[in-house]
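Each chain gets a letter, A, B and so on, in the order its sequence line appears, and its residues count up from 1. All values below come from the heavy atoms of this structure, side chains included, with hydrogens, waters and symmetry mates left out.
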There are 2 protein chains.
Amino acid sequence: MTEPKTQGPAASPETGKKPARNGKANATIYDIAKLAGVNPSTVSRALSKPGRVSAKTQKLIEDAAAQLNYQVNPFARALPTGRTNTFGLIVADITNPTFFDIIRGAQITGTRRDYTLVLAESAESAVTELTAARRMMTTVDGLILASPRMDDDDIRALARDKPVVVINREVEDVPCVIPDVRKGIGEAVRSLAGNGHKKLAFVAGPARSWMSARRWEGAQAACEWSHLEAVRVESSKPTVDGGRQVARDVLATGATAVLTYNDLLAIGLMQELQAGGMAVPDQISIVGFDDIFGADFTTPPLTTVRSPLGECGAGAATRLLDLLQGSGEPAGTLRVETELVLRGSSGRVFPAG
Amino acid sequence: MTEPKTQGPAASPETGKKPARNGKANATIYDIAKLAGVNPSTVSRALSKPGRVSAKTQKLIEDAAAQLNYQVNPFARALPTGRTNTFGLIVADITNPTFFDIIRGAQITGTRRDYTLVLAESAESAVTELTAARRMMTTVDGLILASPRMDDDDIRALARDKPVVVINREVEDVPCVIPDVRKGIGEAVRSLAGNGHKKLAFVAGPARSWMSARRWEGAQAACEWSHLEAVRVESSKPTVDGGRQVARDVLATGATAVLTYNDLLAIGLMQELQAGGMAVPDQISIVGFDDIFGADFTTPPLTTVRSPLGECGAGAATRLLDLLQGSGEPAGTLRVETELVLRGSSGRVFPAG
DNA sequence: CAGCATTTGTCAACCGGTTGCCAAAACTTG
DNA sequence: CAAGTTTTGGCAACCGGTTGACAAATGCTG
C-alpha cells in the first residue's frame with residue numbers, strides 16, 4: 001500500500017470528467033489527507049502554517065505530498081485568502097530598453113521571494129495604463145508602475161486598494177523609487193566644465209514627463225554651480241529619430257556640449273551631427289542619460305549619466321514585497337544614485353576647425 | 001433605491017472582516033442577483049453564456065452589474081473551470097535584446113485577445129527553465145517557450161499537459177515558430193559574393209543551440225551555391241565580449257567576410273577589429289544576425305540578417321490562443337521569413353591596404 | 001383549449017484550498 | 001494520580017464563481 005504507485009489519485013477508468021488533463025490529475029490536499037490518514041484541514045495547516053501540527057504528522061503529510069507530487073492550486077488558495085503571490089508591473093513601452101532592466105530587476109527580485117511577475121504595457125497612453133492597472137488589481141497582490149503616465153490622483157486611488165510602488169516619479173503618499181539625478185549630472189557637468197566647455201544645451205524629453213523636468217532642473221543647478229550657461233532645447237519625441245530632428249536646433253544654440261534627456265536622443269543626435277560632418281567629441285561633446293543597452297555600441301561610445309534601472313526595478317519589487325509581507329514603511333521615497341559613465345563622446349573643447 | 005449609491009454592497013460598519021479592502025469590497029454575482037431579483041446562477045449565465053437567458057433578464061442583470069461596478073473574480077472563475085485567461089512566456093535571458101521583441105509581440109497579441117502575459121526567465125539554465133515551466137503550468141492556460149534549453153522530451157511532457165508553443169527551435173509533435181534562415185542568409189551571401197568576396201567565416205553560437213546549427217547549415221548551403229568557401233569559427237559565448245575574443249581567430253582564417261551567429265558577436269567583433277586598425281567594410285565585411293535593437297547604433301551601422309522576432313512572438317501567441325480556443329491545428333511548424341538588412345558594415349572587397 | 005415542445009430560471013453540488021471553533025489527546029504539576 | 005494547561009486534529013463554513021438536472025413558464029400546434 002505504501003509503494004508509490006504511479007497511477008496516483010486518478011485511477012478511475014472513466015477518462016477525466018471535468019479537468020481535461022488526459023494524464024494524471026493534480027493531487028489535492030484531500031488526496032494527501034486520505035493517503036496520510038488525516039483530515040484535509042490538517043494537511044492544509046501542515047503545508048502552510050509552520051509548527052501548527054506535530055512533527056510526526058508533519059512528516060507523514062510531507063511524505064504523502066511528495067509521493068503524490070502535490071502542488072498547491074494557486075486559485076483555490078487565492079479564493080479564500082485574497083493572496084495570489086503575484087505582482088504586476090506596468091511599463092509605458094515594452095520595446096523601450098529603459099524598461100528592460102527595470103523588468104529584469106523586478107522579475108529577479110520577485111522570483112527570489114517566490115512571487116510571479118505579471119507584465120502589462122500601456123503603449124504610452126494614460127488611459128490604457130489605467131485600464132491595465134484596474135484589470136490587474138483584481139489579480140495581483142500589488143503593483144509597480146514604471147514611469148506612469150496617469151494622474152497622481154489615479155495612482156493614489158489605486159494605492160488605496162492595494163500596495164503600489166512607483167518608479168521614476170514622485171507621488172505623494174505613495175512609495176516611490178527614483179534615481180537622484182543630482183550626483184550624476186553634477187559629475188557630468190563638472191567633467192564638461194573641466195574640459196573647457198562654457199555652454200551646455202539640454203535636450204528635453206516629453207513635456208509631461210516628471211523625470212525630464214527633474215533632469216532639466218538638475219542640469220540648470222549643476223551648470224550654475226560650475227559657471228556654465230545652460231540652454232534648453234525641446235525634442236519632438238524621446239527616440240533616436242527625435243534626436244536626429246533636434247540636431248539643427250542644438251547647433252543653433254552654439255553650445256559645445258549637449259546633455260540629453262535620454263540615450264536614444266543622444267544617439268540620434270550624434271548620428272545626425274556626424275552625418276553633417278561634425279566630429280564628436282572634438283567639435284561637440286554629447287552626454288546621454290540612462291546608459292541603456294547599446295549605449296556603448298556607438299562610435300565613439302556614448303558618455304552618459306547612468307540611471308541604475310535594474311536597481312530601480314529590484315528596489316521597487318523589494319519595497320512592494322516588504323509591504324505585502326507586513327514589514328517596511330507604508331510610504332516614502334527610495335532614492336538611488338546616478339553616476340557619470342565617461343566614454344568617448346565627450347571631451348575637451350577644441351578651437352573651431 | 002435606484003441611484004448608484006457609492007457606498008455599494010459593503011456598507012456594514014465593522015471594518016472589513018476578511019477582505020482587508022478598506023474601501024468598497026468588490027461586488028459579486030450574489031450582489032447582482034439580489035439587486036436584479038434573480039438567482040446567482042442566472043447572473044453567471046447572463047454574464048458568460050451568450051443568449052442563455054432572455055433579453056429582458058439580460059438587460060436587467062447587465063444594468064445591475066454596471067451599477068455595482070462588477071468585475072469577475074478571476075480566481076473564483078478559474079477554480080471550477082480551470083481556465084485562467086493567462087499564458088506564460090519563458091525566455092532564457094530577459095536582458096538579451098533578442099527576446100525584447102518576442103516578449104512584446106506575445107504581449108500585444110495576448111492583450112488584444114484578452115489574455116494576460118506571465119513572464120519568467122530561465123537564466124540560461126535548463127533546470128531553472130523546467131522548474132519555472134512546471135510552476136507556471138498550474139497557473140496558466142498555455143505556455144510559450146522562447147529558445148528553450150531543456151530537452152525535447154521535457155518539452156513534450158509539458159505539452160501533454162497543456163498547449164505549448166516553442167519559438168526558435170523545432171520539437172516534434174509540438175507546434176513551433178521558427179525563422180527560416182535560408183532566404184536571409186542566401187541574400188547575405190549573394191550580396192557578399194556580388195561584392196567580390198571569396199571566403200566567408202561563420203562565427204558559431206553555443207554548441208547546444210539548435211538555431212546556431214541551422215544558421216551554420218544555411219551559411220554552408222548558400223556559400224556552396226554562390227561558390228564561396230565557408231569556414232567555421234567557434235565562439236566562447238554569444239555576446240559582445242565573445243565577439244571581441246573571437247577576432248583573432250577570424251583574422252586567422254583569412255576570410256574577407258564574416259557572418260556571425262548573432263548581432264552581439266558581430267558588434268564585439270567589429271569593435272575589436274576597428275580597435276586593431278582595420279577598416280570595416282573596406283578591409284573586412286561583417287554581417288550579423290537578428291537585427292536587434294541597437295544594431296544600427298554602430299559605425300558603420302551593422303548589416304544583418306533580420307529575424308522577425310516580434311512576428312515570432314506574435315505568431316506563437318496567436319498559435320497558442322487558437323489552440324486554447326479550439327481552432328487551429330494541434331501541431332506543425334510556422335515558418336517566418338528572414339531577410340537581409342543591408343547597412344554599412346558590409347561591402348566591396350578592396351585589395352589589401 | 002388541451003397537449004406537447006421549447007425556453008428560461010432555480011436548486012444544489014462542486015472546484016480546492018483556509019480558518020475559527022471546539023473537543024480529544026498529551027503533557028504538566030502539585 | 002487527579003486537575004489544569006497546552007497541543008493537536010477534526011468539523012464545517014466559506015471564498016465566488018460554474019454547470020448539470022430539473023421544474024416552471026412560455027410558445028406553438030391541432
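- Residue A/Ser44 places no side-chain N or O under 4.0 Å from the OP1 or OP2 atom of C/dG17.
- Put simply, CG on A/Leu89 and CD1 on A/Ile102 are 7.5 Å apart, with the number rounded to the nearest 0.5 Å.
- Counting only heavy atoms from C-beta on, A/Ile29 has its side chain closest to C/dT18 among D/dG17, D/dT18, C/dT18.
- A/Leu324 has its side chain out of reach of A/Lys162: every pair of non-hydrogen atoms, C-beta onward, lies at least 4.5 Å apart.
- Between the side chain of A/Arg52 and the base of D/dG9, a donor-acceptor pair under 3.5 Å is found.
- Scored by the ring-ring contact (aromatic ring centres under 6.0 Å, His included) test, B/Phe87 finds no partners at all (sequence neighbours excluded).
- Per the geometry, CG belonging to A/Asp31 stands 13 Å off C1' belonging to C/dC15, to the nearest Å.
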Show the distances under 3.5 angstrom between N or O atoms of the protein and N or O atoms of nucleotides 11-13 of chain D.
{"from": "D/dC11", "atom 1": "OP2", "to": "A/Asn39", "atom 2": "ND2", "distance (Å)": "2.8"}
{"from": "D/dC11", "atom 1": "N4", "to": "A/Ser41", "atom 2": "OG", "distance (Å)": "3.2"}

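- One can place CG of B/Leu60 at 15 Å from P of C/dT8, the figure rounded to the nearest angstrom.
- Residue B/Ser54 places none of its side-chain N or O atoms closer than 4.0 Å to OP1 or OP2 of C/dT7.
- One atom, CD1 of B/Ile32, and another, P of D/dG17, lie 8 Å apart when rounded to the nearest Å.
- Between the P atom of C/dT8 and the CG atom of B/Leu47 lies a distance of 17 Å, rounded to the nearest Å.
- Contact check on B/Asp114 versus A/Arg135 returns a salt bridge, with a Lys/Arg side-chain nitrogen under 4.0 Å from an Asp/Glu carboxylate oxygen.
- The two atoms that bring A/Ser48 and A/Arg77 nearest to each other are CB-NH2, 4.3 Å, heavy atoms only.
- In this structure, B/Lys56 atom NZ and C/dT8 atom P are separated by 9 Å, rounded to whole Å.
- Around the CZ atom of A/Arg156, the shell of radius 6.0 Å holds more than 12 heavy atoms that belong to other residues, nucleotides or ligands.
- Position along DNA chain C of the nearest nucleotide to B/Leu79 versus B/Pro40 favours B/Pro40 as the more 5'-ward residue.
- The nearest whole Å value for the distance from the CZ atom in B/Phe75 to the P atom in C/dT18 is 14 Å.
- Atoms CZ (B/Arg83) and P (C/dC14) sit 20 Å apart, rounded to a whole Å.
- Between B/Lys49 and B/Ala76, the residue whose closest nucleotide on DNA chain D is further toward the 5' end is B/Ala76.
- The phosphate of D/dG10 (OP1 or OP2) has a side-chain N or O of A/Thr42 nearer than 4.0 angstrom.
- Between A/Ile155 and A/Arg169 the shortest heavy-atom distance is CD1-NH2, 3.7 Å.
- Among the protein residues, B/Val43 comes within range of no part of the nucleic acid, since none of its heavy atoms lies under 4.0 Å from any strand.
- Whole-Å rounding puts the A/Ile61 CD1 to D/dT8 P distance at 12 Å.
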